[in-house]
Protein chains: 2
Amino acid sequence: MTATPFTSSFVDHALEVLKSQGLRITRQRRLVLAVLDTTDEALSAYEMKDRLTAQGEAIDTVSIYRIFDCLETHQLVHRVLSSGKVRRCALGDETACDKHQHHHCHHFLICQGCGRTDELHCPEILDQLEARLEALAVSPSGFRITGHHLELMGLCPACQ
Amino acid sequence: MTATPFTSSFVDHALEVLKSQGLRITRQRRLVLAVLDTTDEALSAYEMKDRLTAQGEAIDTVSIYRIFDCLETHQLVHRVLSSGKVRRCALGDETACDKHQHHHCHHFLICQGCGRTDELHCPEILDQLEARLEALAVSPSGFRITGHHLELMGLCPACQ
DNA sequence: TTCACTGCAAACCTTTTGCAATTCT
DNA sequence: AGAATTGCAAAAGGTTTGCAGTGAA
């Protein structure tokens, strides 16, 4: 593992990924990425459209759906189950996550006041959670766990 | 806490709750409860309608939506976030849950093979999970957690 | 130039709402 | 009888699909 600092920009990272997959960098994808980059809120396709419209950019809702799908496929955004909305994946704690192979995890803190959504990238909690779940699941039920999704609802400091 | 055994039937329990709330026991509510009682699958309104139609019972989809809402309000069913479907709440481990006030919890094991959905009523995991989450949430983010929803996807023994 | 992507239109599916008719209690 | 509940029709959302036109590489 090199100590090379990675680009701190979510957008740059996303563009790199798209490019490396032979996908095209279009105006619409740039716009969507730019909005995702500047908010902690998870957004629906219509909310994304409204934001872009507000800043004078024309884009079709259908395109946003397709871009969301594309970004989700390449693990550049998360889908929040309780709302169906989309949020950019966090960068920055990749080393911690790599170790636990939870780079693309699905643990969220959702503020019911402002909609702010934070990822929980915490190896500690992941370890605990998975160990317990697997111990629990394997013995009584025999379930083989292949994925998980955890959403915590509450109020962020600003909204309390 | 009396050692009084409670009725083992989900349907009886549900009817009691409805009655105690001044709600009416209609043919349609009985039908929906009966189907929920006999499956571990979480069902959508349309799936419920199909099952009832298959057994020769006529019911409007709108009524099913309203009945689902009613049952959810009175904590007689759970809503699975990843699918929007509804599953009966488990009875039977109430004592364990009472202690932790997790009578109506939101932890599921979902089989991606057959759709079977089990509740995770486990005080141990609940304790661990909440302690960790709260410790984690309070210090760095200041989030006040008011609810949570955990879904574990995988394969049940039969589907592996 | 080529192929991915977008926009438009339309279809589709799910969920909600209003209101008159029904049916529990 | 009186109020809650249902069914029907229609509206309202949200999401997907097909296809011709556009634009990135």
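Please read all numbers here as calculations on a predicted model, not as lab measurements. Order of the sequence lines sets the chain letters (A, B, ...), proteins ahead of strands, with each chain counted from 1.
Between the CG atom of A/Leu31 and the C1' atom of C/dT6 there is a distance of 13 Å, given to the nearest Å. Going from atom CD1 of B/Ile64 over to atom P of C/dT15 covers 11 Å, rounded to whole Å. Between the P atom of C/dT14 and the NZ atom of B/Lys49 lies a distance of 13 Å, rounded to the nearest Å. Between the CG atom of A/Leu52 and the P atom of C/dG7 there is a distance of 11 Å, rounded to whole Å. Straight-line distance from the CZ atom of A/Phe68 to the C1' atom of C/dC5: 17 Å, rounded to whole Å. One interatomic measurement links the two molecules: CD1 of A/Ile59 to P of C/dC5, which rounds to 14 Å at whole-angstrom precision.
Cluster partners of B/Val62, using a side-chain heavy-atom cutoff of under 4.5 Å among ILVMFWY residues and allowing indirect links: none.
A donor and an acceptor atom, one from each side chain of A/His107 and A/Glu119, are nowhere located under 3.5 Å apart.
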Extract all donor-acceptor atom pairs below 3.5 Å that involve side chains of residues 151-160 of chain A and protein atoms in other chains or at least two apart in sequence.
from     : atom 1 : to       : atom 2 : distance (Å)
A/Glu151 : OE1    : A/Ser82  : N      : 3.2
A/Glu151 : OE1    : A/Ser82  : OG     : 2.5
A/Glu151 : OE2    : A/Leu81  : N      : 2.5
A/Glu151 : OE2    : A/Ser82  : N      : 3.4
A/Glu151 : OE2    : A/His149 : NE2    : 2.6
A/Gln160 : OE1    : B/Arg144 : NH2    : 3.1
A/Gln160 : NE2    : A/Leu155 : O      : 3.1
A/Gln160 : NE2    : B/Gly142 : O      : 2.7

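Annotation: salt bridge (Lys or Arg N to Asp or Glu O under 4.0 Å) contacts involving residues 43-53 of chain B, sequence neighbours excluded, comprise B/Glu41-B/Arg51, B/Glu47-B/Lys85. Sorted by first and then second residue, the pairs that involve residues 25-36 of chain B and meet salt bridge (Lys or Arg N to Asp or Glu O under 4.0 Å), not counting sequence neighbours, are B/Arg27-B/Glu57. Legend: salt bridge (Lys or Arg N to Asp or Glu O under 4.0 Å) pairs involving residues 71-83 of chain B, not counting sequence neighbours, sorted by first then second residue: B/Asp69-B/Arg79, B/Glu72-B/Arg79.
Along DNA chain D, read 5' to 3', the first and last nucleotides having any atom under 4.0 Å from a heavy atom of chain A are D/dG14 to D/dA25.
Scored by the side chain to side chain donor-acceptor pair (under 3.5 Å) test, A/Gln21 finds no partners at all (sequence neighbours excluded). Applying the side chain to side chain donor-acceptor pair (under 3.5 Å) rule to B/Arg116 yields the partners B/Asp118; only residues at least two apart in sequence or on another chain are considered.
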Exercise. Taking protein heavy atoms under 4.0 Å as touching, what does nucleotides 16-25 of chain C look like 5' to 3' if B marks base contact, S marks sugar-phosphate-only contact and - marks none?
Worked result: BBB-----BS
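Within the 3.5 Å criterion, the main-chain N or O of A/Val77 finds no donor-acceptor partner in the side chain of A/Arg87.
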Exercise. Please walk me through it: do A/Leu76 and A/Arg88 pass side chain to side chain contact (heavy atoms under 4.5 Å, CB included)?
Worked result: CA-CA 6 Å; A/Leu76 296 166; A/Arg88 73 170 184 281; over 6 Å; no
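In this structure, the side chains of B/Val80 and B/Val86 stay at 4.5 Å or more apart for every pair of heavy atoms.
Within the helix from C/dT1-D/dA25 to C/dT25-D/dA1, the inter-axis angle between the opening and closing five-pair segments is 40°, rounded to 10°.
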